[in-house]
Amino acid sequence: MSAVSTEPTVETGGKRRISRLERRAIAAQGKISSPWASFAAIVIAVLWTIPTFGLLITSFRPEADIVGSGWWTWFADPNVTLDNYDTVLNGSSTAFSTYFVNSIVITLPAVVIPISIALLAAYAFAWIPFRGRGLLFIAVFTLQIVPIQVTLIPLLRTYVSLGIDGTFWTVWLSHSIFALPLAIFLLHNFMKDIPASLVEAARVDGAGHVRIFFSVMFPLLVPAIASFGIFQFLWVWNDLLVGLTFGNSQNVAPLTVRVAELAGTRGTEWHLLSSGAFIALVVPLVVFLALQRYFVRGLLAGSVKG
Amino acid sequence: MLVAIALFVVVMGLVLLLVERAKRLPSWAVAAAFLLPTVAMILFGLVWPAIDTIRASFYDRNGQNFVGADNYVQAFTQNEFQIVLRNTAVWVVVVPIVATFIGLVYAVLVDRTRFEKFAKTLVFLPMAISMVGASIIWRFVYEYRPVLENVPAEFQPAQIGLMNQLLVWLGLEPQQFLLSPPLNSFFLIVVMIWIQAGFAMTVLSAAIKAIPDDIVEAARLDGLGGLRMFRFITVPSIRPALVVVVTTIAMGTLKVFDIVRTMTGGNFETSVVANEFYRQSFVQRNTGMGAALAVILFVLVIPIVAYNVRQLRRAEEIR
């Protein structure tokens, strides 16, 4: 985000800024009005939209129509039904509503827990001086490179020996652990940017670390927490690997696992697959569209700011 | 779920309260309290399992007998695994380059146009979709209906996948896109590019907007426009962002297995290391081989991350 805001602003007076923006807009128009450029942009936009759009239309077509003709014929012959969604959600062989609830149950703690733990750790790394701080921080940061795959089987074995395999606990715990290095790293960067004078002032007033953390840091960190929260939410909701490994039973499995199963066993029943896919898509899509601003901010903080 | 969250909140609250109460604690003790949950979880869930997996990769399929580097030798010499490694290499080269290129071009094209926000959302949207969802969306695009023999064209079953219908409209034979190697791997790669281009576009777009106005204006006064502006001003100015995007996508691509698993199950010579790891570990029950593949994945990620970090450092020094 800092990258965007470095654009020269105000100071020299409002008038000049407007004229400069206008000039840029004119220049941009000149550029984009090249027919090839606009054509390329439209082609990309269409290629990126049509596949999803086609499946969305399919999910509302009656089964016989889906098998008999392509979704593009729907515009000439618009038959709409909710049967596919009904079958997928409530049918005993698909039971998507159960998995939908599972996904929610998995996702919320798997977002809240790592963020709170990471906040504590990030605070310690940023504002509590102790020996070996730099080294430990680098160690945590470096652990980002451990691919989840490397940890799965030993973890599974531990869960079995603890007798908690096949419960939500394993899924929550695993998602939380895997999120920690990145969460700590990002939140730490944000905390470091908070002016030390603020913290000093609170300290002079006699506030301990816990008070400083809650009354000084926390309010300033809300945007950062929001962006990482959305990230983690989408990541957990969309995850397949962890769900498959630790929650591979109807009681615990998330939607993605179910959709993937359906693709394997009923790969040609498009009335089930299309509506099933959209049930799995709807929550992340809504979250994404509503909170896109924060999501983008998190993206830019994570990759550009580093 | 609520119980879990509540329990968690209570425990955290207790820790914090204790820290706050004991006023005269030395700072290392406070730090320890703040860091304890993190360190414990990371040791339990990342460090120890990683070490254990590295150990397991030197043992046989049941984890009983020490076999030295046999699993690795197998992974690099057996035909089956060589295909997997080759595919992984293709993925990790093609996806980042093409996705970044498309993202960059699109970011430049829609920059400061009237539809910028809407146009960006369209391309960014696949990022929100799970890889499983994306795979199903694209499987439908590739869907194939068998061509009946000795049946005239107008009585052939309708193609319901868009790609095959396009082929038919062009007067060509419909194809089984996902069944014939080596092209089928590229049709899977398309899905990953489709997902990642939005990420590239967003980051690069921010970088483009951060290029100082005077540079752009000076270049324009010098008569630079269109493609040459792109080549000589835009691309060099956003170089650090480009590196980050390419390496980030490369890392993500290495670890991806959802797409391969959902679209072809890794059959028809489309498997990649991350998918083969899952197959060996949980389907074939070959623990040693699975562990070895996980370690290979690990080793492949390291140089990319190292490069990424070095570039970031350098970019910061310049700034």
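Only a predicted model underlies this, so the values are computations on that prediction, with no experimental measurement involved. Side chains are part of it too, since the values below use all heavy atoms of this structure and drop only hydrogens, waters and symmetry mates. Within every chain, numbering begins at 1; the chains are lettered A, B, ... in the order of the sequence lines, protein sequences first and strands thereafter.
- Using a 4.5 Å heavy-atom cutoff, the side chains of B:Phe298 and A:Ile145 are in contact.
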Verdict with reasoning, A:Thr151 to B:Trp48, per side-chain contact (heavy atoms from CB on, under 4.5 Å): CA-CA 8 Å; A:Thr151 66; B:Trp48 174 76; over 6 Å; no
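- Chain B forms the most heavy-atom pairs under 4.5 Å with one residue out of A:Pro147, A:Ser176, A:Ser274, A:Ser174, and that residue is A:Pro147.
- Contact annotation: the side chain of B:Asp258 never approaches that of A:Asn238 to less than 4.5 Å [non-hydrogen atoms, C-beta and beyond].
- Contacts of A:Tyr159 with chain B are made by side-chain atoms alone, with heavy-atom separations under 4.5 Å and no backbone atom involved.
- In terms of non-hydrogen atom pairs under 4.5 Å with chain A, the most contact-rich of B:Leu36, B:Ile136, B:Ile54, B:Ile51 is B:Ile136.
- In this structure, the side chains of A:Gln144 and B:Val305 stay at 4.5 Å or more apart for every pair of heavy atoms.
- Taking B:Val123, B:Val301, B:Thr287 one by one and counting their heavy-atom pairs under 4.5 Å with chain A, the maximum is reached by B:Val123.
- With a threshold of 4.5 angstrom between heavy atoms, A:Ala277 approaches chain B through side-chain atoms but not through N, CA, C or O.
- Annotation for B:Met41 and A:Leu173: closest pair CE-CD1, 4.1 Å, computed over non-hydrogen atoms.
- Qualifying ring pair (Phe, Tyr, Trp, His ring centres under 6.0 Å) partners for A:Trp169, counting only residues two or more places apart in sequence or in other chains: A:Trp172.
- With a 4.5 angstrom heavy-atom cutoff, B:Leu125 touches chain A via backbone and side-chain atoms both.
- For chain A, the option among B:Ala158, B:Ala32, B:Gly45 with the highest count of heavy-atom pairs below 4.5 Å is B:Gly45.
- Both the backbone and the side chain of B:Trp194 come within contact range of chain A, with heavy atoms under 4.5 Å apart.
- Of the atoms belonging to A:Leu120, heavy atoms from both backbone and side chain fall under 4.5 Å from chain B.
- Using a 4.5 Å cut-off between heavy atoms, B:Ala119 makes no contact with chain A at all.
- Of the listed residues (A:Thr73, A:Ile230, A:Thr158, A:Val112), the greatest number of heavy-atom pairs within a distance under 4.5 Å of chain B belongs to A:Thr158.
- Of all non-hydrogen atoms in A:Val67 and B:Ile160, the two that sit nearest each other are O-CG2, 3.9 Å.
- The candidate from B:Val295, B:Leu254, B:Ile129 with the greatest count of non-hydrogen atom pairs under 4.5 Å with chain A is B:Ile129.
- Interface check for chain B: of the options A:Ser69, A:Ala280, A:Ala40, the most heavy-atom pairs under 4.5 Å are formed by A:Ser69.
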Let me see the working for A:Phe39 and B:Leu109 under side-chain contact (heavy atoms from CB on, under 4.5 Å), right down to the final yes or no. CA-CA 10 Å; A:Phe39 180 70; B:Leu109 289 182; over 6 Å; no
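- Contact of A:Ile42 with chain B is not made at all, since no heavy-atom distance falls under 4.5 Å.
- Heavy atoms closer than 4.5 Å to chain A are found in both the backbone and the side chain of B:Thr121.
- Contacts of B:Val132 with chain A are made by side-chain atoms alone, with heavy-atom separations under 4.5 Å and no backbone atom involved.
- Contact between B:Thr202 and A:Leu300 at its shortest, heavy atoms only, is O-CD2, 4.0 Å.
- Under the 4.5 Å side-chain criterion, counting only non-hydrogen atoms from C-beta, B:Asp52 is in contact with A:Arg157.
- For the atom pair CZ of B:Phe140 and OG1 of A:Thr58, the computed distance is 3.5 Å after rounding to the nearest 0.5 Å.
- Contact of the B:Phe124 side chain with the A:Phe295 side chain is registered, since non-hydrogen atoms from C-beta on lie closer than 4.5 Å.
- The greatest number of non-hydrogen atom pairs below 4.5 Å with chain A, out of B:Ile302, B:Thr262, B:Ile102, is found for B:Ile102.
- A pairwise comparison of heavy atoms in B:Ala128 and A:Pro284 identifies O-CB, 3.4 Å as the closest pair.
- The structure places CG of A:Leu240 at 11.0 Å from CD1 of B:Ile259, a figure rounded to the nearest 0.5 Å.
- Listed here is the closest heavy atom pair of A:Pro181 and B:Leu46: CG-CD1, 3.8 Å.
- With contacts defined as side-chain heavy-atom distances shorter than 4.5 Å, the pair B:Phe282/A:Leu244 does not qualify.
- The heavy-atom pair separating A:Leu281 from B:Gly133 by the smallest distance is CD2-CA, 4.4 Å.
- Put simply, of A:Thr268, A:Leu156, A:Ile113, the one with the most heavy-atom pairs under 4.5 Å next to chain B is A:Ile113.
- To the nearest 0.5 angstrom, A:Gln292 atom CD is 6.5 Å from B:Lys117 atom NZ.
- Residue A:Leu262: no heavy atom, backbone or side chain, is found under 4.5 Å from chain B.
- Using a 4.5 Å cut-off between heavy atoms, B:Pro37 contacts chain A through both its backbone and its side chain.
- For a residue to count as touching a neighbouring chain, one of its non-hydrogen atoms must lie under 4.5 Å from one of that chain's; by this rule A:Leu152 touches chain B with the side chain only.
- A donor-acceptor pair is defined here as one N or O able to donate and one able to accept, closer than 3.5 Å; no such pair exists between the side chain of B:Gln165 and the backbone of A:Gly70.
- Of the atoms belonging to B:Leu7, it is side-chain heavy atoms, and not backbone ones, that fall under 4.5 Å from chain A.
- In this structure, the ring of B:Phe34 has its center no less than 6.0 angstrom from the ring center of A:Phe125.
- Counting heavy atoms from C-beta outward, A:Trp48 and B:Leu122 have side chains that stay 4.5 Å or more apart.
- Residues A:Val150 and B:Leu297 have side chains not in contact (no heavy-atom distance under 4.5 Å, counting atoms from C-beta outward).
- Of the atoms belonging to B:Val47, it is side-chain heavy atoms, and not backbone ones, that fall under 4.5 Å from chain A.
- With a 4.5 angstrom heavy-atom cutoff, A:Leu136 touches chain B only via side-chain atoms.
- When the candidates A:Leu234, A:Thr52, A:Leu285, A:Thr256 are compared by the number of heavy-atom contacts under 4.5 Å with chain B, A:Thr52 comes out ahead.
- Heavy atoms closer than 4.5 Å to chain A are found in both the backbone and the side chain of B:Arg139.
- With a 4.5 Å cut-off on non-hydrogen atoms, B:Phe257 touches chain A through its side chain but not through its backbone.
- There is no contact between A:Phe278 and chain B, counting heavy-atom distances below 4.5 Å.
- For A:Tyr123, the part lying under 4.5 angstrom from a heavy atom of chain B is the side chain only.
- Residue contact with chain B, scored on non-hydrogen atoms closer than 4.5 Å, involves the backbone and the side chain of A:Ile117 alike.
- The candidate from A:Leu47, A:Val287, A:Leu155, A:Leu273 with the greatest count of non-hydrogen atom pairs under 4.5 Å with chain B is A:Leu155.
- Both the backbone and the side chain of B:Ala274 come within contact range of chain A, judged by heavy atoms closer than 4.5 Å.
- In this structure, no portion of A:Trp237 lies under 4.5 Å from any heavy atom of chain B.
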